[in-house]
Amino acid sequence: MFSEALLCFGASSTSVDEHDNDADENSDKIYIDSIFPECKDVDECILNAANSIGLKEIPCYEVKMGEQCNWIKKAQESFHPVEVTKGLWIVPEWSTPPDVQATNIILNPGLAFGTGEHATTKLCLLLLQSLIKGGELFLDYGTGSGILGIAAIKFGAAMFVGVDIDPQVIKSAHQNAALNNIGPKKIKLHLVPDRTFTASMNERVDGVVEYLSSHEIRGISETEEYDVVIANILLNPLPQLADHIVSYAKPGAVVGISGILSEQLPRIINRYSEFLEDILVSEKDDWRCVSGILSLFIERSAEALLRSATWLAPISSSPPLLENLFSEDL
């Protein structure tokens, strides 16, 4: 579970070994080897990962600097084709699809979360596969690698809109859409400013933002409502953002909420039952995905309507800032 949380907070890859080579084989310790991009604050990532799953103490860890070429190669070696279900594969850009007749989602996740290996991503993909019949508008709240939006288009959705707070993630999602021959008429990606970026980070991402601007990544009109809305993010913001998440769904639309551990489920159901009917829960390992139909008679608060009109404004404007909310498509 901790290795999955590390992926959510910036690790490019993780591997788990119950017995370190130099350790006592009778030890009950588990060793996790994680690779982080140089731009990531490893201490902060580990702290956030531990807090997200309720660890009372931060695990002991050691940080070693490696060569750039080594971590890229190692990250690629850890990402293999993943069969989500029969006829649906997630395939790294550098691999050959095991089944060319299947629906193959080609990915190069880069620094973004969402390779199809995580249980929450698989739950969302299966939900999407059951919902998309053709022509739907889909909103991915915390898009990560863009995997859910790409899948939605391949299932038959008319358009995918994705939002995230990380410019590198938005760039990654845009490139992954191109790998799957999905053009700008079917995809809109939006970068939400994040107050947690320091000045030095802003300097590092200037080039990425310039890239995004040159690729005409647009904001979302306040008049657009979606047939399917999925938020695959962290538990803490899910209750806080409930009004905002559902405000993008049209009455009768399906809203999916994921990134939930089994013990966190009652809190999420209690919060979202204010908006959703016919709630269903799917599960994989210790993770849960909640989905339901937005009530036709829901009265949306003025605050939620205001947020839906302003939060996802064009990049050049200054929408309200949200801090540390997305898990980069958990």
Side-chain angles (χ1 to χ4, degrees), residues 8 52 113-114 120-121 123-124 127-128 131 136-144 146 148-149 152 157 159-166 169 188-192 194 219-260 264-282 287-313 319-330:
C8 297
S52 73
F113 181 83
T120 60
T121 307
L123 288 171
C124 291
L127 176 62
L128 271 176
L131 295 175
E136 292 87 352
L137 298 180
F138 169 55
L139 175 68
D140 184 10
Y141 199 98
T143 195
L148 297 184
M159 178 174 288
F160 149 53
V161 174
V163 299
D164 213 293
I165 61 174
D166 187 337
V169 164
K188 292 182 181 179
L189 296 170
H190 186 89
L191 175 66
V192 180
D194 179 16
I220 302 173
S221 167
E222 64 271 21
T223 62
E224 289 179 320
E225 292 184 317
Y226 297 85
D227 303 289
V228 180
V229 175
I230 290 183
N232 184 24
I233 55 178
L234 297 174
L235 170 71
N236 289 340
L238 282 173
Q240 175 189 352
L241 293 175
D243 283 350
H244 189 245
I245 291 169
V246 302
S247 71
Y248 291 103
K250 63 175 61 174
V254 175
V255 177
I257 305 298
S258 194
I260 308 162
Q264 300 165 343
L265 185 62
R267 180 183 173 193
I268 293 298
I269 290 181
N270 181 63
R271 180 69 174 104
Y272 281 84
S273 61
E274 300 176 29
F275 310 99
L276 306 181
E277 301 173 339
D278 301 328
I279 290 178
L280 300 174
V281 178
S282 56
W287 297 92
R288 304 292 183 267
C289 178
V290 174
S291 62
I293 300 173
L294 184 65
S295 172
L296 296 173
F297 306 104
I298 190 76
E299 291 187 8
R300 303 185 188 180
S301 68
E303 181 184 5
L305 290 174
L306 176 63
R307 286 199 301 265
S308 68
T310 60
W311 183 65
L312 295 176
L321 303 179
L322 302 179
E323 300 183 55
N324 295 327
L325 298 184
F326 295 144
S327 66
E328 298 178 5
D329 175 320
L330 194 134

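Residue numbers count from 1 along this sequence.
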Non-hydrogen atoms of Gly142 and Ile233 that approach each other most closely | CA-CG2, 4.2 Å
Applying side-chain contact (heavy atoms from CB on, under 4.5 Å), name anything that partners Leu127, two or more places apart in sequence or on another chain.
-> Ser130, Leu131, Ile230, Cys289, Ser291
Which atoms form the tightest heavy-atom contact between Cys124 and Leu148, and what is the distance?
-> CB-CD2, 3.7 Å
Sequence-distant partners of Leu265, side-chain contact (heavy atoms from CB on, under 4.5 Å), two or more places apart | Ile269, Val281, Arg288, Val290
For Asp164 and Gly144 the tightest heavy-atom approach is OD2-N, 3.0 Å
Flag the pair Leu139 / Met159 as yes when at least one side-chain heavy-atom distance between them is below 4.5 Å, and no otherwise.
-> no
Is there a side chain to side chain contact (heavy atoms under 4.5 Å, CB included) between Asp227 and Val254 once you walk through the steps?
-> CA-CA 7 Å; Asp227 303 289; Val254 175; over 6 Å; no
Give the minimum heavy-atom separation between Glu225 and Ala249, together with the two atoms involved.
-> OE2-O, 4.1 Å
Heavy-atom pair of closest approach, residues Ala231 and Ile245 = CB-CD1, 3.8 Å
With a 4.5 Å limit on heavy-atom distance, are the side chains of Val161 and Leu137 in contact?
-> no
Side chain to side chain, Glu274 and Ser295, heavy atoms closer than 4.5 Å | no
Provide the closest heavy-atom pair for Thr143 versus Phe160 in the form atom of the first, atom of the second, distance.
-> OG1-CZ, 3.3 Å
Any donor-acceptor N/O pair, Tyr141 side chain to His244 backbone, under 3.5 Å | no
Using the side chain to side chain contact (heavy atoms under 4.5 Å, CB included) rule, take Asp243 and Phe275 through it: C-alpha gap first, then chi angles, then the decisive distance, then the call.
-> CA-CA 8 Å; Asp243 283 350; Phe275 310 99; 2.7 Å; yes
Between atom CH2 of Trp287 and atom OG1 of Thr121, what is the distance when rounded to the nearest 0.5 Å?
-> 10.0 Å
Between Ile257 and the options Ile268, Ile279, Val246, the side-chain contact (heavy atoms from CB on, under 4.5 Å) test singles out Ile268
